[in-house]
Amino acid sequence: MDIEALRSFIAFVDTGSFTRAAKQIHRTQSAISMQMKKLEEATGKPLFIKEGRNLGLTEHGRKLASYARRLLAIHDQALSDLKRRSDHPPLMLGCPDDYADSVLPQLIALILDAHPQQEISILCASSTRLRALLDRGELHAAILTRAPEKDEGYLLVHDKGVWAHGGFPELLERDVLPLVLYDADCKFHSTAIDSLEKQNRPYQLIATSSSATALKGMLNKGIAVSALASSTVSDNLTILEDTDLPELPAVDIVLALAPHPHPTLTAIDAANISAKF
């Protein structure tokens with residue numbers, strides 16, 4: 001099987017979209033469709049099944065995805081091992097700001113354990129923007145938030161949303177609940193707003209931000225409560241338990257690689273990092 005066809009196949013599996021897969025690997029959708037047809041011819045099995053308006057994987061498709069990841073990992077690791085470390089460019093790594101003081105340091109430590117001389121450049125942005133940068137080849141890898149039912153990336157942390165404040169429980173007694181939340185593309189933002197409206201609970205969205213520092217600063221000042229990933233709640237914040245506030249969803253924090261990964265961070269490295277987290 002053609003290695004680039006397998007790379008296109010995994011790009012579709014990770015993104016769930018031939019449109020995004022085409023952007024990531026810099027091919028047209030028609031070229032990817034031709035590659036997928038050749039993969040089905042090579043395997044002699046149907047790989048895709050229609051799921052409403054979207055395409056999913058058949059049982060044979062899921063099995064091929066498992067083999068394809070391993071084949072690509074071995075291929076990319078072989079190329080990496082044949083190159084001198086001094087030839088490696090800086091590793092361009094993306095991370096949402098809320099994971100910058102929790103998940104990110106542990107990831108960096110694991111990368112440096114394996115590659116002590118590797119230079120790393122870090123960009124903090126939302127998962128939505130980081131996916132777009134991965135698609136355009138402007139990042140080598142990124143820490144992302146995905147829904148638990150998705151297959152994107154390599155699992156680092158299984159997490160859950162929680163409500164928190166900065167030590168001001170009286171905020172919950174107000175007739176109108178004051179909120180500060182991450183930007184609208186955050187899963188906790190949309191769930192919090194939708195659920196409060198379904199409860200008919202009055203709220204005031206005071207501020208939104210992509211900055212964890214900004215949100216936590218407002219919480220510590222007693223301005224509002226917020227919805228955060230439990231792993232990002234710092235010691236000076238209080239998690240709200242046994243309240244009538246709506247339940248927040250579970251999420252997975254994953255490491256996603258660009259289709260053509262950095263020599264330092266191949267699929268084998270990512271799988272090893274996932275196992276050690």
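Please read these numbers as outputs of a predicted model, since none were measured by experiment.
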[X] versus [Y]: any side-chain heavy-atom pair under 4.5 Å?
X      : Y      : result
Thr19  : Gln29  : yes
Pro96  : Leu130 : yes
Phe48  : Leu57  : yes
Glu51  : Ile49  : yes
Ser226 : Leu181 : yes
Leu219 : Val180 : yes
Pro178 : Leu171 : yes
Gln204 : Arg174 : no

Polar side-chain atom of [X] near backbone of [Y] as donor-acceptor pair, under 3.5 Å:
X      : Y      : result
His115 : Thr264 : yes
His189 : Tyr182 : yes
Lys160 : Leu248 : yes
Ser195 : Ala192 : no
Trp163 : Pro246 : yes
Asp76  : Thr266 : no

Would you name the heavy atoms of [X] and [Y] that are closest together and state the gap between them?
X      : Y      : answer
Leu39  : Phe9   : CD1-CB, 3.8 Å
Asp135 : Arg20  : OD2-NE, 3.0 Å
Arg201 : Leu172 : NH2-O, 3.2 Å
Thr15  : Ala21  : OG1-N, 3.8 Å
Thr213 : Asp97  : N-OD2, 3.7 Å
Leu265 : Ala270 : CD1-N, 4.5 Å

Can you tell me how far the [atom1] atom of [X] sits from the [atom2] atom of [Y], to the nearest 0.5 Å?
X      : Y      : atom1 : atom2 : answer
Ile10  : Leu257 : CD1   : CG    : 11.5 Å
His262 : Ile120 : NE2   : CD1   : 9.0 Å
Ile253 : His158 : CD1   : NE2   : 10.0 Å
Glu119 : Met92  : CD    : CE    : 9.5 Å
Gln24  : Ser8   : CD    : OG    : 10.0 Å
Leu144 : Leu255 : CG    : CG    : 8.0 Å

Between Val254 and Tyr154, does the side-chain contact (heavy atoms from CB on, under 4.5 Å) criterion hold? Intermediate values first, please. CA-CA 5 Å; Val254 302; Tyr154 296 82; 5.8 Å; no
[X]-[Y] co-clustered via ILVMFWY side chain contacts under 4.5 Å:
X      : Y      : value
Phe168 : Val233 : no
Met1   : Phe12  : yes
Leu91  : Leu133 : no
Met36  : Met34  : no
Leu72  : Leu47  : yes

How about [atom1] on [X], more than 12 heavy atoms from neighbouring residues, nucleotides or ligands closer than 6.0 Å, or not?
X      : atom1 : result
Glu59  : CD    : no
Tyr67  : OH    : no
Lys187 : NZ    : no
Glu247 : CD    : no

With distance as the sole criterion, is a donor-acceptor pair present between the side chains of [X] and [Y] under 3.5 Å?
X      : Y     : answer
Thr145 : Tyr99 : yes
Thr232 : Asp98 : no
Ser30  : Thr28 : yes

Lys276 and Ile273: side-chain contact (heavy atoms from CB on, under 4.5 Å), yes or no, with the steps? CA-CA 5 Å; Lys276 292 177 180 178; Ile273 287 170; 5.9 Å; no
So, are [X] and [Y] salt-bridged, with charged N and O less than 4.0 Å apart?
X      : Y      : value
Lys150 : Asp252 : no
Arg7   : Glu4   : yes
Arg131 : Glu152 : yes

Start with the C-alpha gap between Leu93 and Leu107, add the side-chain angles, then the distance that decides, and say whether side-chain contact (heavy atoms from CB on, under 4.5 Å) holds. CA-CA 10 Å; Leu93 177 65; Leu107 173 62; 4.0 Å; yes
Evaluation steps, side-chain contact (heavy atoms from CB on, under 4.5 Å), between Ile108 and Leu110: CA-CA 5 Å; Ile108 297 298; Leu110 289 171; over 6 Å; no
For Ser66, the option from Arg70, Lys63, Arg69 that meets side-chain hydrogen bond (donor to acceptor under 3.5 Å, both in side chains):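 Passing option: Arg70.
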